[in-house]
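Reading through the structure tokens given below for one structure.
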Amino acid sequence: MRGAYGGPRVLLRRLREVMAEPVAAQERLDRIVVLIAANMVAEVCSVYVLRTDGDLELYATEGLNRAAVHRTTMHKGEGLVGLVADEAEPVNLSDAQSHPAFSYKPETGEEIYHSFLGVPILRAGNTLGVLVVQNKSHRTYSDEEIEALQTTAMVIAEMIASGELAGVGEGFEPATRRPAHATGLALSEGIGLGHVVLHEPRVVVKKLIAEDSAAELHRLETALTGLRASIDVMIDEGDFARTGEHRDVLEAFRMFANDRGWGRRLQEAVLTGLTAEAAVERVQSDTRARMQRQTDPYLRERLHDLDDLANRLLRELVSPGKGMIPETTQLPENAILVARSMGPAALLDYDRTRLRGLVLEEGSASSHVVIVARALGIAAVGQIENASALVESGDAIIVDGVSGEIHVRPTGDVERAYVDKVRFRARRQEQYRALRERPSETRDGAKVSLMLNAGLLVDLPHLAETGAAGIGLFRTELQFMVAASMPRTAAQQQLYRAVLDAADDKPVTFRTLDVGGDKILPYMRAEPEENPALGWRAIRLGLDRPALLRTQIRALLHAAGGRDLKIMFPMVASVTEFDAARDIVRREHARLIRHGHPVPSSLSLGVMIEVPSLLFQLDEILERADFLSVGSNDLLQFLFAVDRGNARVAGRFDPLSPAFLRTLARVARKANEAGRPVTLCGEIGARPLEAMALVGLGYRALSMSPAAIGQVKAALLDVDAGEISAFMQPLLARRDGAGSLRAELSEFAARKNLQVEM
Ligand code: PEP
Ligand code: MG
């Protein structure tokens, strides 16, 4: 068929002329359909545009009844045109009328056409319309013709996206400008209103049609070579933090960048007459369409990688040498970052004072970037599929880190509702701030020490902001998780010293490295484990690789010279593990003295209660440990055998169940009897109702995220510790098999007018 329609190059050249003509949009579209029909020897060529209401409207036609233009519409999914829009891929039929989806619109007069080729008009993965050619004869369109039509559709996509068609049809508004809403996973509490900043901005390709194809081919080759070289360098140097990627993603990039099939498709697209950038976009559209259809999570992931790589290739074409490195441009006020995924170091590169929110296509509660977002107090939502295709730079957006929703280009109503919500939250924060200087004690005078969970330098200002009594849990692994390579002793020491300086005379409890499980260090190769939460992690790793633990202990002892030092060990499951860890500390301490270094003025060693086996060794542990800290997140996970990171089961058992409350009560009673301080540092301490119950069980120290201090304090000030304790005793002794005591505790709180609702 090549000779018959002159090939895509000729078509593109003619299109360029039409695009340059100073005519109205409708006229231009009319000329384009005539041109395509003539070039493809088709009797019909029509353009359908997707309207705001989701219908497809006939915008121009050559061959069908012209009176049907702007009158014929179909729903997305209706007829063959609707099918193309729905599936976002070409439909090529020699006998269209026998296809089950065929639907006949009498006003168009299309009943006499048998063959049908429809391609989606795509831009950045969004369907903006459908471009169709039809013939009377039973004809199958060649691959080359499909390619040519898809390429032409790109030109029309630009016309639509540019807004040139505004006012031409009925309810027209470029698809990308419509309000959009999506629900994902709430990852970091808070609400952010602002404007989209794409972490890896897409290059907007304006020039689609090439003037000199040979030159474009050369540009493509140079960019590909540059991209391949930079990936190699990054892998060889182990420089994963720079792009925020992990090794396996970079390996996938390397594989695709060297894939002959991909290179060939790009070349072919250039040879049809596109610029190198347009060729990348053209091939990328196919990838995106495949991605949307792919249900296998692994293959989908790889297609994502390929799409990502195509973005990088575009950047390499526009600014050589920039392909692999995200641009951190100057942020506007109220910036909401949108990214497929991001490394923690990359997030810290942005100006935090301007950041209001983060939207990720991936991301889970334990991903490193999310940990940093929480520490920075930025609202974050993850698992928003296709987020970066849904938005454009500068779009208004709302991130609801409470419900896990995002609103892109929100309507006035939605925006007003959120402005109210933000105002309400700010007022409440204001009230909490007013409580900052109030001593934290219950109505009947029981002192409850409220402390912070922290782990990064960026957490430290929260100490003064919240008026917390100290740091009850300093997660030392966070420094390791956000670093590009293993932090050396000096860097560790520096951080610990900064923490102690910031805390001034307030106590800080450092927890030794809790890595492994879901806390993966990108630079440390770990054997894959079937059950990482039960695997080689935390103190197990520390005792098996004593050099790592020793280095950390040494850094802690040095940093705390002349000051009080509290260290605790995570995931201890037996008394012998605690003994072994304590020996390491003692030896390091003795070594410091031997070498004449200053030592801490006091040293307390504690144990985290998070593995149930310790519940049955409490007497022995209490004889040895200076203090206990209950890690309720893990204790709940292991006691009920529910994966804390698996949304399907994580909420299955209530921490306010008799089983868990009795467990917690027993730990508090034993510690109190032994005269050993006990703190609780899991998430449950951050919730007012749970905090009230914990006070009722005898806990007098809770450690939590900074944002929770205000709400917990506000609630506890009105609690009568004696009363709640008396109320809970018979509840815990009940034998009715209830799964939760939440209702009873809520009722008690309501009766006493306690502010326990969040
Ligand atoms: C816990 O398990 O409750 C805890 C505080 O530790 P992490 O959440 O860091 O495992
Ligand atoms: Mg834990």
Side-chain angles (χ1 to χ4, degrees), residues 187-189 344 364-368 370-372 374-375 450-456 459 468 470-482 508-521 531-542 552 566-573 577-578 581 606-615 627-646 650-651 653-656 660-661 663-664 667-668 678-687 690-691 694 699 701-709 712:
L187 295 177
S188 172
E189 232 234 292
S364 66
S366 56
S367 49
H368 309 162
V370 172
I371 294 170
V372 173
R374 257 184 248 137
L450 301 183
M451 290 179 291
L452 287 187
N453 290 347
L456 294 170
D459 287 318
I471 297 179
L473 164 64
F474 190 86
R475 293 181 163 111
T476 59
E477 64 274 9
L478 297 196
Q479 181 191 22
F480 285 68
M481 286 164 68
V482 303
V508 179
T509 303
F510 291 96
R511 176 174 75 184
T512 60
L513 271 183
D514 186 1
V515 291
D518 59 342
K519 297 167 181 171
I520 302 148
L521 305 183
N531 274 309
L534 307 180
W536 195 54
R537 53 174 291 200
I539 194 68
R540 301 169 184 185
L541 196 149
Q552 181 176 37
K566 289 160 167 265
I567 301 176
M568 65 180 174
F569 304 102
M571 293 289 296
V572 172
E577 283 179 338
F578 179 67
V607 182
M608 287 200 70
I609 305 289
E610 42 185 2
V611 181
S613 61
L614 273 200
L615 298 171
F627 63 94
L628 304 184
S629 186
V630 180
S632 57
N633 306 339
D634 277 316
L635 188 58
L636 191 77
Q637 144 161 290
F638 296 129
L639 203 62
F640 284 98
V642 275
D643 179 351
R644 62 192 261 189
N646 179 344
F653 300 101
D654 194 342
L656 294 180
F660 200 53
L661 290 175
T663 306
L664 296 174
V667 176
V678 56
T679 304
L680 183 139
C681 61
E683 295 302 316
I684 63 164
R687 298 198 284 264
E690 279 81 343
L694 289 166
Y699 286 86
L702 306 174
S703 192
M704 61 197 71
S705 57
I709 298 261
V712 171

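Positions are given from 1, in the same order as the sequence printed here. As the structure lists them, so they are numbered: ligands from 1, and atoms in each ligand from 1.
Between F660 and F640, the ring planes are tilted. Angles from 30° to 60° get that label.
When side chains are defined from C-beta on, T509 does not count as touching T679, because their heavy atoms never get closer than 4.5 Å. Contact of the W536 side chain with the L541 side chain is registered, since non-hydrogen atoms from C-beta on lie closer than 4.5 Å.
Of the candidates R644, E683, Q637, the one placing a heavy atom closest to atom 10 (O) of ligand 1 is R644.
E690 places no side-chain N or O within donor-acceptor distance of the main-chain N or O of P655, the cut-off being under 3.5 Å. With hydrogens and angles disregarded, a donor-acceptor distance shorter than 3.5 Å links the side chain of R374 to the backbone of L187. The backbone N or O of C681 sits less than 3.5 Å from a side-chain atom of N453, completing a donor-acceptor pair. At distances below 3.5 Å, not a single donor-acceptor pair connects side-chain atoms of S629 with backbone N or O atoms of L680.
Under 4.0 angstrom from ligand 1, there are no non-hydrogen atoms of M704. Of all the heavy atoms of L473, the ones lying under 4.0 Å from any atom of ligand 1 belong exclusively to the side chain.
Residue D634 has at least one N or O atom closer than 3.5 Å to an N or O atom of ligand 1. Considering backbone and side-chain N/O atoms, R475 comes within less than 3.5 Å of an N/O atom of ligand 1.
Sorted by chain and number, the protein atoms of type N, O or S within less than 2.8 Å of the Mg ion (ligand 2) are E610 OE1, D634 OD2.
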Residue pair R511, E477: steps toward the side-chain contact (heavy atoms from CB on, under 4.5 Å) verdict: CA-CA 8 Å; R511 176 174 75 184; E477 64 274 9; 2.6 Å; yes
Residues F578, I539; criterion side-chain contact (heavy atoms from CB on, under 4.5 Å); working and verdict: CA-CA 9 Å; F578 179 67; I539 194 68; over 6 Å; no
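Only one option out of E577, R537, M608 pairs with M571 in a side-chain contact (heavy atoms from CB on, under 4.5 Å); it is R537.
Atoms of ligand 1 lying under 4.0 Å from any heavy atom of C681, numbered from 1 in the order shown and given with element: 5 (C). Near G631, meaning under 4.0 Å from one of its heavy atoms, ligand 1 places the atoms 1 (C), 2 (O), 3 (O). Taking a cut-off of under 4.0 Å to the non-hydrogen atoms of G682, the atoms of ligand 1 that pass are 3 (O).
The nearest heavy-atom contact from the protein to atom 6 (O) of ligand 1 is R511 NH1, 3.0 Å. Among protein heavy atoms, atom 3 (O) of ligand 1 sits closest to N633 N, 2.7 Å.
Remark: L473 CG to L702 CG distance equals 13.0 Å, nearest 0.5 Å.
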